[in-house]
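Data first, discussion second: the structure below is written as structure tokens.
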Amino acid sequence: MTPRAISGNTLLCLIIGDPIAHSLTPAMHNSAYDAANLNYCMAAAKVSRDDLSKAVGGIRALSIRGVAVTMPHKVSICPMLDALDPVAKTIGAVNTVVNAEGSLTGYNTDWLGIIRPLEKRMTLSGAHIAVLGAGGAAQAAVYACAQSGANVTIFNRTSSKAQLLANRHTAHWEELTASPDMSRFDVIINTTSVGMGDLKGRSPIPGAVFKEHQIIFETIYSPRETQLVKDGLLQGCSIITGEEMFLEQGAAQFELHTGRQAPRLAMKSLLDANAVKTT
Ligand code: ATR
């Protein structure tokens, strides 16, 4: 593997969001460009809500090849683009933009980060899946599972948000209580923010409700082992970590930006090295 030399021909990609300094996306994509020997480079740009439309103009003006979009812009960027992929339109959120000679198309690869790890382990059609949370991450999770024929129930602290999301995707909903009955589910996906930031060390539901046969899917990737993951391991459940989801959505994003197959091993090595540094 030869390290890339940035030159006049280097194609530029960006991740935009606020906050953005913590993001592992540039490091993961740059390691993938190195492994695939591509003359690309990704940097991070902090873009406030108020500056989003100027930033979208900048993507066109500066011929930025591809953009990764993160909080808080995934929904508000949609009407600023020239076209939306049908899946991004249905989910109502974009995490990837491709610039084809000034025409910007928005895609959503977050749902692939949900579906691909699950499909490796089970048949989704007819499965019973609980999605904890009804925010941005839940949109992609509910879409992913519902379109695969799974029976989805959304649990959220604020019932009205669960109800809205359930109606959009023909799912069921319940209020998230302190100790909900989870026994009928094959998979429990956490899309709430409980377990990260100020809520690090906490879990949205007690580990005692897990059953050994269940798959516990955490969408938080930092910390690597949330309380929910620890509880799932303790109960003998199978675990899908947020890192696996992060890798899959990023691999699909790389493929849209470059048209090449993603070097998953290199991307995973970068995440492993980072986890060693931060734990
Ligand atoms: P994201 O886009 O990352 O999903 P979000 O849209 O802010 O972020 O959604 C956060 C989710 O975590 C929501 O479902 C939120 O529940 P509410 O809709 O009731 O706000 C959930 N959440 C955040 N803090 C929580 C807590 N302490 N207990 C339970 N759920 C919580």
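In each ligand, atom 1 is the first atom listed, and ligand 1 is the first ligand listed.
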### Task
Name all residues meeting the salt bridge (Lys or Arg N to Asp or Glu O under 4.0 Å) criterion together with Lys211; count only those two or more places apart in sequence or in a different chain, and write none if there are none.
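None.
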### Qualifying residues under salt bridge (Lys or Arg N to Asp or Glu O under 4.0 Å), relative to Lys268, sequence neighbours excluded
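Only Asp272 meet the salt bridge (Lys or Arg N to Asp or Glu O under 4.0 Å) criterion with Lys268.
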### Message
Taking salt bridge (charged side-chain N to carboxylate O under 4.0 Å, His left out) as the criterion, tell me which of Arg264, Arg224, Arg121 meets it with Glu244.
### Response
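So the option named by the test is Arg121.
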#### Entry: Criterion side-chain hydrogen bond (donor to acceptor under 3.5 Å, both in side chains) against Lys74, the qualifying member of Asn108, Thr96, Asp110
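Passing option: Asp110.
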### Counterpart residues, ring-ring contact (aromatic ring centres under 6.0 Å, His included), relative to Phe254 (two or more places apart)
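Phe254 satisfies ring-ring contact (aromatic ring centres under 6.0 Å, His included) with Tyr33 only.
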### Aromatic plane relationship, His29 with His257 - under 30° parallel, 30 to 60° tilted, over 60° perpendicular
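Plane angle between 30° and 60°, so tilted.
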Check each N or O atom of ligand 1 against all protein N or O atoms and list the pairs under 3.5 Å, with atom names and distances to 0.1 Å, one per line.
residue  : atom   : partner : partner atom : Å
ligand 1 : 2 (O)  : Gly136  : N            : 3.1
ligand 1 : 4 (O)  : Gly136  : N            : 3.1
ligand 1 : 4 (O)  : Ala137  : N            : 3.0
ligand 1 : 6 (O)  : Gly136  : N            : 3.2
ligand 1 : 12 (O) : Ser193  : N            : 3.3
ligand 1 : 14 (O) : Ala134  : N            : 3.0
ligand 1 : 14 (O) : Asn156  : OD1          : 2.7
ligand 1 : 16 (O) : Asn156  : OD1          : 3.3
ligand 1 : 18 (O) : Asn156  : ND2          : 2.8
ligand 1 : 18 (O) : Lys161  : NZ           : 2.8
ligand 1 : 19 (O) : Arg157  : NE           : 3.0
ligand 1 : 19 (O) : Thr158  : N            : 3.1
ligand 1 : 19 (O) : Thr158  : OG1          : 2.5
ligand 1 : 20 (O) : Arg157  : NH2          : 2.8
ligand 1 : 27 (N) : Arg157  : NH1          : 3.4

